[in-house]
Amino acid sequence: MAVRAKKLQPAKTQAIESAKNLLQGYEDFIFTDYRGLTVEQITDLRHQLRAKECSFKVVKNNFARIAFEELKIDSVSDFLAGPTAVALSKGDTNEVAKVLYDFAKNVPALEIKGGLVGNEIYDAAKLEAFSKLPGKSQLIAMIMSTINAPVQKLAATLQAYVDKKSAEGGAEAPAAE
């Protein structure tokens, strides 16, 4: 539950509204503790995440908690403790998790708290397992290669037959029309 002041200050109300507007544009959220990271490390991480169509924002916990409550997402309040940065993802979230865990291997100061992926809460262990799965684009490529394999084999067999007949000097290869 977020702490609400009795007297609302316009600056704080505006900060909560901007946090709410920011969060509305994204589907999945991964919460991290960024304590101990240098500016260069955070900049490098943001650059890597930008390549995956993801934003990495430092949030004020109380403002984020209120914004999530207004968006009817109450289940993430446990992650909003201590210094918090949120990876905001629109696309392939396991690719984002993969980038975060790879970065955390090199820079142990980055601690992944958990996330909200597809309206389901993931703790750090479940999120790490999720990051090891192939991404959506990789899965599509695997399916397409599986579908395409029999057709390629048939085409190769037919071409081998035509090449064999041409080499024997037998029937002429059919002319292309």
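The analysis underlying the following values was restricted to heavy atoms, covering all of them including side chains, and did not include hydrogens, waters or symmetry mates.
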Atom CD of Q159 and atom CD of Q152: how far apart are they, to the nearest 0.5 Å? 14.0 Å
Rounded to the nearest 0.5 Å, the CG atom of N148 sits from the NZ atom of K153 at a distance of 14.0 Å
Looking at E111 and R35, is any side-chain nitrogen of the basic one under 4.0 Å from a carboxylate oxygen of the acidic one? no
Anything under 30° is parallel, anything over 60° is perpendicular, the rest tilted; go ahead and classify F29 against F68. perpendicular
For N61 and G82, which heavy atoms make the closest approach, and how far apart are they? ND2-O, 2.7 Å
Side chain proximity check, R65 to N62, heavy atoms < 4.5 angstrom: yes
If you take all heavy atoms of G114 and F79, which pair is closest and at what distance? CA-CE2, 3.7 Å
Does some side-chain heavy atom of I121 sit less than 4.5 Å from a side-chain heavy atom of D78? no
How close do A97 and L127 get, counting heavy atoms only, and between which atoms? CB-O, 4.3 Å
Any side-chain heavy atom of T13 sitting closer than 4.5 Å to one from Q9? no
How long is the gap from CD1 on I42 to CG on L49, to the nearest 0.5 Å? 11.5 Å
Determine whether more than 12 heavy atoms belonging to other residues, nucleotides or ligands lie under 6.0 Å from atom CD of Q14. no
Quick one: do E53 and K90 make a salt bridge, cutoff under 4.0 Å? no
Evaluate the side chain to side chain contact (heavy atoms under 4.5 Å, CB included) criterion for residues D44 and Q41: first the C-alpha distance (whole Å), next the side-chain angles of each, then the deciding distance (0.1 Å), finally the verdict. CA-CA 5 Å; D44 182 39; Q41 290 170 332; 5.7 Å; no
So V117 and E120, side chain to side chain contact (heavy atoms under 4.5 Å, CB included) or not? Walk me through it. CA-CA 5 Å; V117 179; E120 186 177 342; 5.8 Å; no
Polar side-chain atom of K113 near backbone of A81 as donor-acceptor pair, under 3.5 Å: yes
hydrophobic_cluster_shared for V96 and Y101, side chain cutoff 4.5 Å: yes
Any side-chain to backbone donor/acceptor pair from D92 onto K52? Under 3.5 Å, distance only. no
Side-chain contact test, heavy atoms from C-beta onward, threshold under 4.5 Å: evaluate it for K105 versus D102 and give yes or no. yes
Membership question, hydrophobic clusters at under 4.5 Å side-chain separation (ILVMFWY): are Y34 and F31 in the same one? no
Got a second to check how far L80's CG is from I66's CD1, nearest 0.5 Å? 11.0 Å
Main-chain N/O of V86 paired with K57 side-chain donor or acceptor, under 3.5 Å: no
Would you find more than 12 non-hydrogen atoms of other residues, nucleotides or ligands less than 6.0 Å from N119 atom CG? no
Heavy-atom distance under 4.5 Å between the side chains of T32 and F56, does that happen here? yes
Please report the shortest heavy-atom distance between L23 and A67, naming the atom on each side. CD1-CB, 3.8 Å
Could you report the tightest heavy-atom contact between S75 and L116, atom names first, then the distance? OG-CD1, 4.4 Å
State whether the side chain of D33 and the backbone N or O of T84 hold a donor-acceptor pair below 3.5 Å, judged by distance alone. no
Is V58 linked to L37 within one hydrophobic cluster, defined over Ile, Leu, Val, Met, Phe, Trp and Tyr using a side-chain heavy-atom separation of less than 4.5 Å? yes
Please check: side-chain N/O of R50 versus main-chain N/O of S55, any donor-acceptor pairing under 3.5 Å? no
Is there a path of hydrophobic side-chain contacts, each under 4.5 Å between heavy atoms, that joins I73 and I30? no
Compute whether any side-chain donor of one residue and acceptor of the other, for S89 and Y26, lie under 3.5 angstrom apart. no
Indicate, with yes or no, if L71 and I16 share a hydrophobic cluster defined by side-chain heavy-atom contacts under 4.5 Å among Ile, Leu, Val, Met, Phe, Trp and Tyr. no
Geometric cation-pi criterion, K164 with Y161: 6.0 Å, 45°: no
Under the 3.5 angstrom rule, does the side chain of N94 hit a backbone N or O of L133 as a donor-acceptor pair? yes
When you measure from the side chain of T43 to the backbone of V39, do you find a donor-acceptor pair of N or O atoms at a distance under 3.5 Å? yes
Taking it one step at a time, do L45 and V107 satisfy side chain to side chain contact (heavy atoms under 4.5 Å, CB included)? CA-CA 10 Å; L45 179 58; V107 182; over 6 Å; no
Nearest 0.5 Å please: distance from the CD atom of E17 over to the CZ atom of F63. 12.5 Å
E69 CD to S77 OG distance, which is reported to the nearest 0.5 Å: 7.5 Å
